[in-house]
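Have a look at the structure below, then the notes.
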Amino acid sequence: MSIPRFEAIVQSLKREAITVEEKGRRSDIFGLNVFNEAKMLQYLTKDAYESLKDAIVTGSKINRKIADQVAEAIKGWAITMGATHYTHWFQPLTGATAEKHDAFFDLTLDGRALEKFGGGQLVQQEPDASSFPSGGIRNTFEARGYTAWDPTSPAFIYGTTLCIPTIFVSYTGEALDNKAPLLRALSTVDEAATNVAKYFDKNVTKVNATLGWEQEYFLIDKALAHSRPDIIITGRTLMGVSAAKGQQLDDHYFGVIPRRVLGFMSDLEKECTKLGIPVKTRHNEVAPNQFELAPVFEEANLAVDHNLLLMDVMDKIADRHHLKVLFHEKPFAGVNGSGKHNNWSLATDTGVNLLSPGSTPMKNLQFLTFFVNTIKAVDTYEEVLRSSIASASNDHRLGANEAPPAIFSIFIGKQLSNVLDELEGVSQGKLSPEEKTELKLNVVGKIPEILLDNTDRNRTSPFAFTGNKFEMRGVGSKTNCAKPMTVLNTIVAKQLKDFKKEVDILLDKKGLKKDEAIFNVLREYIKTCKRIRFDGDGYSKDWENEAKKRKLSNNKNTPDALHVLASKSTVDLFKSMKVMSEVELGARMEVELETYVMHLQIEGHVYRDMVYNSVIPSAIAYQNKLITNVSGLKEIYGAAHKAFTEAQLSMIEEIGQHISALKKATDTLTDTQNKADKIKDTAKMAEAYCNDVKPYFDSIRSHADQLEKLIEDQLWPLTKYSELLFIK
């Protein structure tokens, strides 16, 4: 008997659900641990409050005197909440968050102790940047990096630490994180969208990009997870036979939430509520032991911070409930993977969702303007958008088990497609009174009615319009949302700026009226970006061929997807929008490729360890058991034993063949990996790992899975899918 596996099963079966008491209303504890506006009003002077609010709304700088006041107020509040330390909480290019804790405690010159935290500590710190990915931005001797306070995302207390959201930049000023480019992208889309929104409402002074993420994840017992070295080290199962029952009965989706999981969810929601994360929805997902959590929409920068914080909180709460959260996009073969749908829209400071139609033709024209410009932006930069969701783990998910394909397309529904087709026929130049009436009453005017029945029937579209927002579905479950949000907001900003230039030319030089100019420009966009619109099934057999005809990219793996970041058009895009310099963009490409290689390097080593330390020994042990059985029967029956040992001999031979093939594939993997590791160029190394090394993973898995089917259950060392996915 393989003791670790069965000990884990026994341990997991003995677990009891942990009941979480919830007293009172959630609204009473929402933001309890956040230095939000209510705390600002309570702890700040009027000048400090107004200065901080102005910085949050307009991005203006805070002077040192005010910074000292804010720091003193935050320190006073934090200490009353039990905080003993503070940290600058930032997002290095690892994809996770980072923090270095310092105590409020300090000593005066005469040796007296006091709690100290000033404006200098609030606004900036200088952590060592040498151990964080930089993509060659800085040399080792220039290891300094700076974290700078982001006042638009409120400070919060986590445990006994005051966390201050910050950006992270190099000694020479380039961004070494995911937050700084996101903030720049949000600033440029604010400017571009505000200028266009003023065509329809002169009172608009600011436009915020909003984000509502949907976090999918698997939850398994902690003992079972620790019985699998591949899960602990790589986040996924590198081998394992699918259980007889998977998700084919659709009996898990929206089903009754298991008691242990419900306890975890209740505990998680309680902690999230205190941290100001507006969690709202929880449910079972499609695959066994897969679940989803979703919040209320928020401003995009804050939503990104909340999602990163959520994942950290989930890990800690799961441990408290003796569970393990799996954020890997494809932890189990043969069942649905996990994504993080990014629901994106634009909202004005006057309270209008720019991607939602209104009660008048002019409001609907505003909707069409932002709707069509978003489609145009995605059409122009679909390959760049694809690069933002590329990773070694997401490569396993895209295009499999109801996940979006790697080909970017936009699903808008047949009704809205018909509206765009009608607008394609708008006359060039000035519109006749009859045409204006027709457009306003029967085309634009009826959009709200159309959207009432515009249900999203295609769940596999990578980018879909879902009533009042666009949903980007290809984002992986452990991806930092800042990456796709930086790209999406940048390309939409670029498109809106181009749109305004074209409209203004028609207004100033052609003498067209505003609605005529807008219709004329939109008409051309509708014509030129038709290829990106696809209302069919993303799994259609003919879709790849059709996409090829439409000249849409189909970058199925990360190295191919990242190539676009080096193109002149991509560099020009981010430079012109002042989101990333060529150096910063190149660094990100280098880091992403390095990360891809390292993930596959680690998986290759784990494959080798599992094959030699677990799979082959158990296969030989069972083979020896069969040989002993055959020898015993031969001793009893002599030559007549063949009538009783045919099955055993066949199994001995089959096991031997798989052991031999498994060893050969593993040895070849090692040699191929060693060869790839000698390549100096990161891009070429990534291609070698993708094209030469990774195929051996499938071969090894295939033979290991066949051995799992043949070997006696009591001897198989690895916890099986039927146990991982169905022990609640």
Side-chain angles (χ1 to χ4, degrees), residues 200 210 212 297 341-347 352-379 382 402 404-405 407-427 431 434-474 488 492 495 499 515 518-540 542-543 546-547 550 552:
F200 308 96
T210 62
F297 279 51
H341 296 181
N342 278 206
N343 295 280
W344 171 90
S345 191
L346 295 169
V352 175
N353 177 355
L354 294 171
L355 286 173
S356 181
S359 56
T360 67
M362 185 54 72
K363 289 180 180 178
N364 293 330
L365 181 56
Q366 175 178 264
F367 157 74
L368 275 175
T369 295
F370 287 91
F371 177 69
V372 173
N373 271 284
T374 302
I375 294 173
K376 175 65 173 171
V378 175
D379 177 63
E382 46 93 13
E402 297 185 18
I407 304 166
F408 254 80
S409 64
I410 298 178
F411 178 89
I412 64 173
K414 294 196 180 300
Q415 295 95 330
L416 279 174
S417 285
N418 291 337
V419 170
L420 297 191
D421 289 343
E422 287 194 56
L423 290 174
E424 219 181 306
V426 172
S427 299
L431 306 179
E434 293 77 18
E435 192 170 18
K436 279 189 178 183
T437 302
E438 172 67 18
L439 284 172
K440 288 179 179 179
L441 294 181
N442 297 324
V443 181
V444 178
K446 290 188 176 179
I447 288 175
E449 298 170 25
I450 289 169
L451 290 182
L452 287 174
D453 191 40
N454 190 48
T455 51
D456 178 20
R457 297 180 179 87
N458 185 342
R459 300 302 300 166
T460 65
S461 173
F463 202 86
F465 183 71
T466 55
N468 59 0
K469 62 190 182 298
F470 280 99
E471 185 176 4
M472 190 173 173
R473 295 186 177 130
L488 180 56
V492 170
Q495 178 53 47
F499 169 77
D515 53 354
I518 291 171
F519 274 127
N520 269 259
V521 177
L522 292 182
R523 180 197 62 231
E524 295 308 309
Y525 289 170
I526 292 166
K527 288 180 180 178
T528 57
C529 64
K530 288 184 77 170
R531 65 166 192 157
I532 201 75
R533 286 161 42 198
F534 180 65
D535 290 339
D537 182 1
Y539 287 108
S540 168
D542 297 326
W543 174 226
E546 176 62 25
R550 298 184 185 200
L552 293 171

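Here, residue 1 is the first one in the sequence, and each next residue gets the next number.
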To the nearest 0.5 Å, what is the distance between [atom1] on [X] and [atom2] on [Y]?
X	Y	atom1	atom2	value
Leu552	Ile407	CG	CD1	7.5 Å
Lys376	Glu524	NZ	CD	9.5 Å
Leu346	Asn373	CG	CG	10.5 Å
Leu522	Phe499	CG	CZ	5.0 Å
Leu368	Gln366	CG	CD	10.5 Å
Thr374	Phe463	OG1	CZ	6.5 Å

Next on the checklist: Determine whether Arg550 and Phe534 satisfy the following criterion, side chain to side chain contact (heavy atoms under 4.5 Å, CB included), listing intermediate values before the conclusion.
Outcome noted: CA-CA 11 Å; Arg550 298 184 185 200; Phe534 180 65; 3.9 Å; yes
Next on the checklist: Go through it in stages, so that I can follow the logic: the residues are Leu488 and Asn342, the test is side chain to side chain contact (heavy atoms under 4.5 Å, CB included), and I'd like the CA-CA distance, side-chain angles, deciding distance and then a yes or no.
Outcome noted: CA-CA 11 Å; Leu488 180 56; Asn342 278 206; over 6 Å; no
Hey, is the main chain of [Y] close enough, under 3.5 Å, to the side chain of [X] for a donor-acceptor pair?
X	Y	value
Asp379	Ile375	no
Asn353	Ser345	no
Asn343	Gly212	yes
Asn364	Gly358	yes

For [X] and [Y], which heavy atoms make the closest approach, and how far apart are they?
X	Y	value
Ser409	Ser461	O-OG, 3.8 Å
Pro462	Pro404	CA-CB, 3.8 Å
Cys529	Ile532	O-CG2, 3.2 Å

Taking C-beta and beyond as the side chain, do [X] and [Y] meet within less than 4.5 Å on heavy atoms?
X	Y	answer
Arg523	Asn520	yes
Val372	Leu423	no
Val492	Trp344	yes

Item to check | Ring geometry between Phe465 and Phe371 (parallel below 30°, tilted from 30 to 60°, perpendicular above 60°) | outcome: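 Rings of Phe371 and Phe465: perpendicular, as their planes differ by over 60°.
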Item to check | Verdict with reasoning, Phe411 to Glu471, per side chain to side chain contact (heavy atoms under 4.5 Å, CB included) | outcome: CA-CA 10 Å; Phe411 178 89; Glu471 185 176 4; over 6 Å; no
Next on the checklist: Ile518 vs Phe200, test: side chain to side chain contact (heavy atoms under 4.5 Å, CB included). Steps then yes/no.
Outcome noted: CA-CA 11 Å; Ile518 291 171; Phe200 308 96; 3.7 Å; yes
Item to check | Electrostatic pair Asp421:Arg533 at N-O distance under 4.0 angstrom | outcome: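 Salt bridge: yes.
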Checklist entry - Regarding Lys414 and Ser417, is there a side-chain donor-to-acceptor distance under 3.5 Å anywhere? => result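 Absent: no donor and acceptor within the cut-off.
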